[in-house]
Structure formats: C-alpha cells, structure tokens
Amino acid sequence: MITVIILLVLTIFLFHRFRTRLSSSAAKNLPPGALGVPFIGQSLSLLGAMRTNTAEKWLQKRVDKYGPVSKMTLFGKPTVFIHGAAANKAVVFSGEEGTVSNRQVESLKMILGKRNLTELSGEDHKRVRGALVWFLRPQTLRSYVGKMDGEVRRHLNMYWHGNNEVTVAPLMKTLTFDIICSLLFGIEEGTTRKSIIECFKTMVDGIWSIPINLPFTRYNHSLKASAKAQQILKQLLKDKAKVMEEEKESEVEENDKDLISYLLRIKNKDKEQALSEEEIVHNIILLMIAGHDTTSILLTLMLRVLATNPTVYAAVLQEHEEIGRSKERGEALTWEDVSKMKYTWRVAMETLRLYPPVFGGFRVALKDIQLGAYTIPKGWQIFWAAPMTHLDETIFGDPQKFEPSRFDQNQTPIPPFSFIAFGGGPRICPGYEFAKLETLVTIHYLITQFTWNLSCSQDFLTRDPTLMPNKGLPIQIFPKS
Ligand code: HEM
C-alpha cells in the first residue's frame with residue numbers, strides 16, 4: 001500500500017514538473033515525434049529493444065518516420081534524438097563552451113557519484129580530465145606493457161589452460177577488471193579486489209534503469225552496491241595517503257606510482273590537493289566501469305569474429321606469429337611489439353564499428369540550439385547513438401560486411417564524425433590507448449596459445465544493458481603445443 005502511495009505522489013510530482021518544462025518550449029519549432037507518457041515516455045520501449053538487441057531497428061523506424069532529428073521522453077527527461085555525421089558534428093563533437101554539456105542518465109550519475117568526470121563541465125571537467133589523461137597517455141602507458149603482459153599470462157594460466165571449454169565474456173570481464181585494478185589502482189589480488197568486484201557487478205546492472213529507488217528495483221540494488229564500493233575506496237585512499245606521508249619524496253619511483261597515488265599527489269597553484277577525496281573516489285569508480293565493461297566486450301566479440309571468419313583469423317595469426325618469432329621463449333612483449341599489431345587493431349576497430357559496446361550517450365542543451373529547421377530547447381536532453389551512424393550505407397558501403405581494411409589509413413580515410421565508438425569532441429574516450437594496449441596484448445597471447453570453436457549453436461547478441469552474446473560466448477579451446 002505504501003509503495004502504491006509513494007508511486008502515485010511521485011507520478012503527480014513528475015507530471016507537474018514535466019508539464020511546466022514543456023510549456024516553456026511550446027513556442028519553439030520542436031523536432032517531430034511524440035513525447036509519450038510523462039516521465040516514462042519511450043524509456044521502457046527502448047530498454048526492451050536494447051535487451052533484444054533490436055535498438056538499431058527501433059531507432060531506424062524513428063528515422064524513417066521523422067527524419068534524423070526527433071523528440072521523445074527518455075529516463076524522465078524531454079529528449080531529442082539525433083542521427084548522422086552532421087548532427088554528430090554539431091552536438092557530440094561540439095567543443096563550444098556554453099552550448100552543450102555532458103548529461104548522463106540520472107541512474108548513472110547517482111551510481112557513479114556526482115563528481116565523476118561525465119557529470120563535470122567547464123573548468124572542473126578540464127581539471128579532472130587533465131589529471132586522468134596524463135596518466136592514460138602513451139608516454140605513461142609504455143612503462144606498463146610488461147605488467148599488462150604479466151597479468152594476461154597469469155590470467156590464461158589460471159582460467160584457460162587445463163580447460164576444454166570456457167565462457168569468454170565473464171573471463172574477459174575478470175581479466176580487464178584485474179588489469180585496471182592492478183595497473184591503475186595498485187589493488188593487487190586479495191580480499192579488497194574481490195569485494196570491489198562483487199559491488200561492481202551489481203552496480204553495472206542498474207546503470208541504465210529508471211531511477212525509482214524502491215527496495216525491489218535494480219536501481220536500488222545498484223545504489224547500495226555503489227555506497228559499499230565508495231566505503232572500500234575511501235579506506236584505500238586513507239591507507240595510500242598514510243604510506244605516502246611516511247615515504248620520502250626521493251623514494252617515489254616515477255613508475256611505481258599508481259593512478260590513486262598520482263591523484264592524491266597533484267597540487268593546484270595554491271599547493272593544495274587538486275582533486276577532492278570525493279572526486280578521486282567517484283572517478284576511480286568511473287574508470288573501473290568505463291574501463292572494464294567496454295574492453296571486455298570488445299575482446300569477447302573479437303574472439304567471436306575470429307572464430308567465424310577464417311580469412312581474418314589467418315591474417316591476425318600471421319601478424320602475431322611474426323612478432324612471436326622475434327622473441328625469446330617467455331620474453332614479455334614491448335611497446336615496440338605492440339605498435340606492430342596494425343592489422344589486429346583494424347580488426348578491433350571494425351568490430352567496434354559493427355558492435356559498439358557503448359550504444360550512445362547524452363548531452364544537455366545549455367541554450368536553445370538550432371539544428372537544421374528545428375530548435376532543441378535549453379535544458380533538453382540530447383541522445384546520440386553510435387550504431388546508427390556506423391551502419392549508414394552512405395558512409396560505410398555494404399555496412400553489414402566485416403571489412404577491417406576500412407580502417408587502413410592508406411586507403412580512403414573514414415569521413416569525419418562518422419566513427420564514434422569512442423565518442424567525440426572534448427568528451428572523447430580518454431581510455432583509447434589503454435584499451436588498445438590491453439586488447440592487442442590479450443589477442444597476442446590468445447591467438448598464439450590457443451585455437452577455438454564456438455560451442456553454442458544458438459548464439460546471438462543482447463544488450464542488458466551492455467552488448468553481450470546471449471550465453472556469454474562459450475567456446476571449446478585447444479592449446480597449441
Ligand atoms: C573498447 C573500449 C572502450 C570504448 C568503446 C569506450 C567508449 C567510450 C565512449 C563512447 C565514451 C563517451 C564519449 C563521449 O561522450 O563523447 C567514453 C568515455 C569515457 N571513457 Fe571510454 N571506452 C573504452 C575504454 C575505456 C577505458 C579502458 C577507460 C579507462 C581506463 C575509459 C575511460 C573513459 C572515461 C573516463 C570516459 C569519460 C570521458 C569524459 O566525460 O570526459 N574508456 N568511452
């Protein structure tokens with residue numbers, strides 16, 4: 001009974017807020033499309049389509065009916081959906097201060113924490129992003145290749161060798177989570193890592209959900225998991241700060257610093273800690289989610305592509321066998337070895353074109369924006385979706401064909417604002433180089449140590465909320481001698 005009353009009051013309140021906001025936009029030339037039931041609008045229908053991996057078709061229907069710009073209601077907010085390179089340029093890639101800002105769905109903000117990078121704008125965004133980008137740049141990553149190499153080999157010895165069949169998706173999640181924990185945060189194997197992993201599994205579940213905080217909702221479970229993860233991370237920060245206090249500056253080896261120590265150490269011009277404790281914790285959570293739930297999907301889908309495309313498999317294998325021949329047995333890969341894996345990276349990019357792990361994202365209009373004949377009113381949410389542009393046959397001819405040569409820089413370059421698996425503009429993914437290194441090192445050891453066959457006859461993709469083969473991609477594996 002109490003639940004019903006709460007829901008009723010919530011609905012009346014939201015309906016009122018929604019009506020007030022809409023009436024101020026009435027005079028403008030709004031894009032076509034219906035806003036639907038207040039607050040809910042098209043959210044459930046889109047979420048349903050995502051779960052059955054038919055969201056592209058769902059959006060294509062809108063594009064066919066209304067054109068590339070249309071309005072709807074998503075996750076409680078009036079929203080304009082945009083499609084195509086021109087709209088991507090105007091919104092996703094727009095660096096113009098004061099026109100658009102990033103906007104994540106309410107559930108993401110509350111689960112990741114309100115000081116996470118995707119919620120910050122202006123100077124705050126530059127300050128925090130600058131700190132993360134410094135740590136994720138190639139010059140810093142170079143010194144991590146050996147450690148990453150060690151993590152991948154340890155993982156294969158623990159979870160792959162000695163088995164005839166494995167399920168790829170959960171293993172790739174474990175691997176990428178372990179790499180992030182160890183390389184970025186200095187959280188090595190043990191109880192802290194285990195408790196954090198458990199929290200993250202639950203957190204991810206509620207990220208794209210309707211933000212109704214009642215005991216039975218996914219959103220509620222995710223919020224609780226987030227609170228627990230934040231507690232663990234705050235304690236970790238305290239422990240690191242204590243160690244740093246005791247450490248003499250001369251003992252701080254540049255390469256031994258993990259991202260947390262680095263973030264605790266950087267100072268602003270007044271010689272105060274540049275990032276608050278809350279900002280560090282919220283951004284560790286962001287990096288853990290953004291960094292492992294994306295690359296793990298890419299790796300899973302690459303294994304699927306390699307299992308079903310013998311020509312691509314043979315070319316990738318050749319590239320890695322050549323690199324392997326120049327190494328002593330057991331010798332770790334170097335930055336130079338990884339930079340030779342050009343064809344493999346094209347295969348990764350083509351995989352991301354067809355199956356972008358991040359379906360799309362949100363921005364918010366900071367003032368009225370004119371897009372073609374339509375106005376996007378100030379305060380409205382803007383929704384962009386990567387697969388729509390990636391499957392546009394005017395940009396990528398024969399778009400369903402798997403063709404890594406599209407990403408060969410010596411051939412015709414990809415038109416600007418058309419490949420958006422990593423987003424674009426001032427928000428473009430800062431983890432690109434990290435993801436690239438991790439993907440290439442992992443594929444090297446997988447393809448030189450194993451062959452594999454898909455063992456699930458009815459294999460298809462779902463999005464719940466992230467892209468995934470329905471059964472997690474079980475495969476039979478055969479170690480090479
Ligand atoms: C295949 C792997 C990955 C893909 C496809 C991917 C994709 C994306 C996309 C689409 C965005 C949104 C960009 C926008 O709004 O314009 C994003 C943002 C972000 N990604 Fe990644 N990502 C990947 C790996 C990583 C990794 C490994 C990390 C960290 C180690 C990372 C950290 C971030 C962060 C911090 C943001 C927020 C940037 C901001 O708001 O300024 N990502 N990523």
Side-chain angles (χ1 to χ4, degrees), residues 82 88-89 91-95 100-105 108-109 112-113 115-122 124-137 140-141 144 148 172-173 175-185 207 258-259 263 279-280 282-302 345 347-364 381-387 389-390 417 419-443 466-467:
I82 59 160
N88 290 341
K89 181 181 176 195
V91 177
V92 184
F93 287 78
S94 160
V100 290
S101 179
N102 210 37
R103 155 75 67 80
Q104 294 302 332
V105 291
L108 193 74
K109 173 175 154 186
L112 265 55
R115 297 300 293 169
N116 90 73
L117 191 59
T118 64
E119 288 299 326
L120 303 180
S121 55
D124 274 353
H125 177 251
K126 277 194 198 134
R127 174 175 54 86
V128 177
R129 186 176 162 104
L132 301 185
V133 164
W134 190 91
F135 208 85
L136 294 169
R137 67 198 176 133
T140 315
L141 293 181
Y144 285 98
M148 197 172 283
M172 287 299 132
K173 283 196 187 223
L175 171 65
T176 52
F177 199 84
D178 285 351
I179 289 179
I180 292 257
C181 279
S182 165
L183 266 74
L184 291 188
F185 304 120
I207 278 182
D258 57 56
L259 179 64
L263 295 179
E279 283 173 343
I280 298 178
H282 291 180
N283 284 293
I284 296 172
I285 294 184
L286 168 67
L287 285 184
M288 281 184 173
I289 290 193
H292 97 282
D293 226 24
T294 46
T295 319
S296 61
I297 297 168
L298 169 61
L299 281 163
T300 303
L301 295 175
M302 277 179 85
W345 189 240
V347 173
M349 295 289 266
E350 180 65 345
T351 307
L352 289 171
R353 180 186 71 81
L354 279 170
Y355 317 109
V358 179
F359 186 82
F362 293 89
R363 300 285 194 263
V364 64
Q381 186 165 261
I382 307 169
F383 172 43
W384 59 273
T389 313
H390 291 179
F417 319 115
F419 178 76
I420 49 171
F422 291 97
R427 297 274 166 181
I428 196 163
C429 175
Y432 174 91
E433 291 292 344
F434 191 91
K436 182 173 177 183
L437 182 60
E438 191 173 28
T439 303
L440 294 174
V441 171
T442 306
I443 292 291
T466 45
L467 193 61

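Both counts, for ligands and for their atoms, begin at 1 and track the order of listing.
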Point to revise | Region of Ile297 engaging ligand 1 - heavy atom pairs below 4.0 Å | key: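 Ile297 to ligand 1: no contact under 4.0 Å from either part.
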
Exercise for review: Using a 4.0 Å heavy-atom threshold (strictly under), name the region of His125 that reaches ligand 1: side chain, backbone, both or neither.
Suggested key: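 The part of His125 near ligand 1 is the side chain, not the backbone.
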
Point to revise | side chain to side chain contact (heavy atoms under 4.5 Å, CB included) partner of Leu120, chosen from Lys126, His282, His125, Arg129 | key: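 The residue from Lys126, His282, His125, Arg129 that satisfies side chain to side chain contact (heavy atoms under 4.5 Å, CB included) with Leu120 turns out to be His125.
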
Could you tell me whether the side chain of [Y] reaches within less than 4.5 Å of the side chain of [X], counting heavy atoms only?
{"X": "Val92", "Y": "Ile382", "answer": "no"}
{"X": "Leu136", "Y": "Leu184", "answer": "yes"}
{"X": "Thr295", "Y": "Phe434", "answer": "no"}
{"X": "Arg115", "Y": "Asp124", "answer": "yes"}
{"X": "Ser94", "Y": "Val100", "answer": "yes"}

Against heavy atoms of [X], which atoms of ligand 1 measure under 4.0 Å?
{"X": "Thr295", "value": "2 (C), 27 (C)"}
{"X": "Gly424", "value": "16 (O)"}
{"X": "Trp384", "value": "14 (C), 15 (O)"}
{"X": "Arg363", "value": "14 (C), 15 (O), 16 (O)"}

Exercise for review: Report the relative orientation of the aromatic rings in Phe362 and Phe383; use parallel for angles under 30°, tilted for 30 to 60°, perpendicular for over 60°.
Suggested key: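 Answer is parallel, since the angle falls under 30°.
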
Practice item. For the pair Phe422 and Tyr432, name the ring-plane relationship: parallel under 30°, tilted 30 to 60°, perpendicular over 60°. Key: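 Perpendicular, since the angle between the ring planes exceeds 60°.
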
Reported [atom1]-to-[atom2] distance for the pair [X] and [Y], which is rounded to 0.5 angstrom:
{"X": "Asn116", "Y": "Ile285", "atom1": "CG", "atom2": "CD1", "value": "9.0 Å"}
{"X": "Trp345", "Y": "Thr439", "atom1": "CH2", "atom2": "OG1", "value": "5.0 Å"}
{"X": "Thr176", "Y": "Asp293", "atom1": "OG1", "atom2": "CG", "value": "7.5 Å"}

Of all the non-hydrogen atoms in the protein, which one sits nearest to [atom], and at what distance?
{"atom": "atom 29 (C) of ligand 1", "answer": "Leu287 CD2, 3.7 Å"}
{"atom": "atom 7 (C) of ligand 1", "answer": "Ala421 O, 3.3 Å"}
{"atom": "atom 13 (C) of ligand 1", "answer": "Arg427 O, 3.2 Å"}
{"atom": "atom 37 (C) of ligand 1", "answer": "Thr118 CG2, 3.8 Å"}

Check your understanding: Which one of Val91, Thr176, Leu298 has a non-hydrogen atom at the shortest distance from atom 1 (C) of ligand 1?
Key ->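 Considering heavy atoms of Val91, Thr176, Leu298, the nearest to atom 1 (C) of ligand 1 sits in Leu298.
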
**Study point:** From the candidates Arg129, Glu119, Glu438, the one that places a heavy atom nearest atom 38 (C) of ligand 1
**Key:**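 Closest candidate by heavy-atom distance is Arg129.
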
Review point. Using a cut-off of 2.8 Å, how many protein N, O or S atoms lie below it in distance from atom 21 (Fe) of ligand 1?
Key: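 Atoms of protein N, O or S type lying less than 2.8 Å from atom 21 (Fe) of ligand 1 total 1.
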
Point to revise | Asn88: side chain to side chain donor-acceptor pair (under 3.5 Å) partners, not counting sequence neighbours | key: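 Once residues adjacent in sequence are excluded, the partners of Asn88 under the side chain to side chain donor-acceptor pair (under 3.5 Å) criterion are Thr389.
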
